[in-house]
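A short worksheet on the structure shown next.
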Amino acid sequence: MLTTAPRGTSDILPSVTANWQQIESLIRDICLRYNYKEIRTPIFEHTELFLRGIGNTTDIVSKEMYTFEDRGGRSITLRPENTASVVRAYLENKLYADNYLNKLFYIGPMFRYDRPQAGRFRQFHQFGIEAIGSENPLIDAEVIALAVNLLQELGLTDLNVLINSVGCPKCRPVYKEKLQAFFQENLGELCKDCQSRYEQNPLRILDCKIDKCKQLSVGVPTLKECLCEECTTQFGKLQNYLAALGIKYKLDNNLVRGLDYYTKTAFEIQYLPLGAQSAVCGGGRYDGLISECGGNPTPAIGFAMGIERILLALQKQNLIKELASTVDVYIVATGEEANQEAIKLAVKLRKYALSCEIDFANRSMKAQMKAANKLQAKHVIIIAEQELQEQTYSYKNMLTSEQVSIKNQDLNMLLSKLGVDKEC
Ligand code: ATP
Ligand code: MG
């Protein structure tokens with residue numbers, strides 16, 4: 001063997017791709033129902049985009065990015081998340097010119113130099129949405145409803161929806177000062193990262209996963225007390241809408257998105273049985289990001305969901321179905337001339353949307369029948385010496401065991417046995 005896959009990456013094998021496709025097709029279906037359109041951005045971008053779009057003081061930027069110089073000497077980064085890229089694409093392609101509101105979704109791989117463990121990988125996949133152009137908390141409610149709707153339709157129960165408001169550039173500075181005053185006494189006991197967060201971005205201390213920092217955060221002043229009137233009103237409206245939608249939520253004062261361009265609504269959806277990696281979805285408002293990236297001030301909100309974590313959650317709830325690979329028609333053929341007839345017929349039948357398989361190993365008729373059974377073929381067509389001589393096919397329905405001989409000329413008869421009539 002040449003080598004193994006890099007640490008933190010994995011192959012998605014044919015035995016599970018059907019499960020991925022099921023989730024992806026439900027995502028597409030739900031996005032259609034909520035009128036979100038798909039956007040596909042490059043997997044790598046100029047590093048600068050993420051420095052600005054995510055921010056220097058976040059873990060993602062300070063420790064987790066895959067950054068390299070390309071052969072032209074440019075600094076390139078494999079996307080660690082997709083919001084910054086979507087905002088770049090939105091501005092570069094002037095999507096704002098067509099609609100007052102752009103509702104976009106994406107599905108794809110992201111790359112972070114995280115510490116690999118259950119539910120945490122270096123290449124992982126996210127489904128996310130971004131609604132760009134409205135400050136109305138009604139859209140915040142719709143965004144959360146879409147996420148909950150998807151997870152519920154997948155069959156997940158025991159979801160924990162946490163919400164918070166992180167304020168805006170008017171009210172957050174007041175809170176930052178209060179936080180600094182709160183932590184000042186125990187500054188030396190915070191972890192190294194939190195000590196630098198204390199100076200640069202004290203809100204992120206609340207996001208620290210280290211036990212000691214969590215303990216020291218008990219009893220922190222809440223942002224709620226510092227919210228300005230506008231933020232308070234918006235947060236109140238969001239809660240009313242969620243209640244009207246019957247979405248159960250909990251208020252979590254420590255749920256933060258620590259950068260200045262994250263504003264107002266922040267939310268997370270957890271599936272608690274997953275333990276340490278229980279967050280399946282994280283999102284919030286980023287009203288300041290578009291101007292930070294050079295556009296006109298434009299309000300926006302979005303979320304990202306980890307698809308691997310959704311699969312793990314489905315496993316925990318025994319919701320992963322074994323999806324057997326099946327074919328409609330297996331063509332059994334023996335001998336060179338029959339093989340040629342078989343491939344011709346298979347290619348023809350595939351034009352009628354039938355899934356067909358033939359033998360590529362010159363196996364015996366018995367072995368080919370066994371293969372047809374293993375693939376759970378609904379129909380078998382046999383082409384052997386006698387069939388060639390009589391210019392017929394021997395047709396067998398594997399469910400009813402009905403067997404008939406059909407003239408090669410009589411395609412309609414064959415098609416009617418196979419239950420199709422129109423070419424694709
Ligand atoms: P965490 O606190 O678990 O590191 P995060 O705050 O870094 O999460 P976000 O950037 O909000 O995560 O990403 C949204 C979602 O993407 C997460 O809720 C999670 O489901 C998924 N996710 C993030 N990082 C990884 C990873 N390394 N491996 C697998 N899934 C991930
Ligand atoms: Mg992380």
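Numbering of ligands and ligand atoms starts at 1, following listing order. Predicted model only: the values in this text are computed from it and were never measured.
For atom 9 (P) of ligand 1, the choice among H125, Q123, R112 with the nearest heavy atom turns out to be R112.
Contacts between D114 and ligand 1 below 4.0 angstrom, taking non-hydrogen atoms only, involve the side chain exclusively.
Remark: side-chain polar atoms of Y393 are not paired, donor with acceptor, to backbone N or O of I383 under 3.5 angstrom. Panel note: side chain E308, backbone H125; a donor-acceptor pair is recorded below 3.5 Å. Between the side chain of S217 and the main chain of C213, a donor-acceptor pair closer than 3.5 Å is present. Judged purely by atom type and a 3.5 angstrom limit, N186 has no side-chain atom pairing as donor or acceptor with the backbone of E189. Checking side-chain atoms of R172 against main-chain N and O of V166 turns up a donor-acceptor pair under 3.5 Å. The main-chain N or O of N253 is never found under 3.5 Å from a side-chain atom of K224 such that the two would form a donor-acceptor pair.
In terms of polar-atom proximity, defined here as any N/O pair under 3.5 Å, M305 makes no such contact with ligand 1.
Heavy-atom separations between K209 and ligand 1 include at least one value shorter than 4.0 Å. Residue contacts with ligand 1 leave out E81, since none of its heavy atoms falls under 4.0 Å from the ligand. Using a 4.0 angstrom heavy-atom cutoff, E308 does not count as in contact with ligand 1. Ligand 1 does not have Q277 within reach: every non-hydrogen atom of the residue lies 4.0 Å or more from it.
Aromatic pair Y36/Y106: centroids not less than 6.0 angstrom apart.
Not counting sequence neighbours, K396 has no partner by the salt bridge (Lys or Arg N to Asp or Glu O under 4.0 Å) test. In this structure E24 satisfies the salt bridge (Lys or Arg N to Asp or Glu O under 4.0 Å) test with no other residue, sequence neighbours excluded.
Protein heavy atom in closest approach to atom 3 (O) of ligand 1: R120 NH2, 3.0 Å. What sits closest to atom 13 (O) of ligand 1 on the protein, heavy atoms only, is Q126 NE2, 3.1 Å. Looking from atom 28 (N) of ligand 1 to the surrounding protein, the closest heavy atom is F121 N, 3.0 Å. If you check which protein heavy atom lies closest to atom 22 (N) of ligand 1, you get F124 CE1, 3.5 Å. Closest to atom 8 (O) of ligand 1 among all protein heavy atoms lies R309 NH1, 4.6 Å. Protein heavy atom at the shortest distance from atom 18 (O) of ligand 1 is A279 O, 3.3 Å. The nearest protein atom to atom 11 (O) of ligand 1, hydrogens excluded, is given as R257 NH2, 3.1 Å; this is a heavy-atom distance. Nearest protein neighbour of atom 21 (C) of ligand 1, counting heavy atoms only, is G306 CA, 3.7 Å.
Within a 4.0 Å radius of atom 30 (N) of ligand 1, the protein contributes at least one heavy atom.
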**Asked** Would E229 and T232 satisfy side chain to side chain donor-acceptor pair (under 3.5 Å), going step by step from the backbone distance to the final call?
**Response** CA-CA 5 Å; E229 212 180 301; T232 307; over 6 Å; no
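Of the candidates Q317, K316, Q277, R309, Q317 is the only one forming a side-chain hydrogen bond (donor to acceptor under 3.5 Å, both in side chains) with Y271.
Within ligand 1, the atoms closer than 4.0 Å to a non-hydrogen atom of G119 are 28 (N), 29 (C), 30 (N), numbered from 1 in the order shown.
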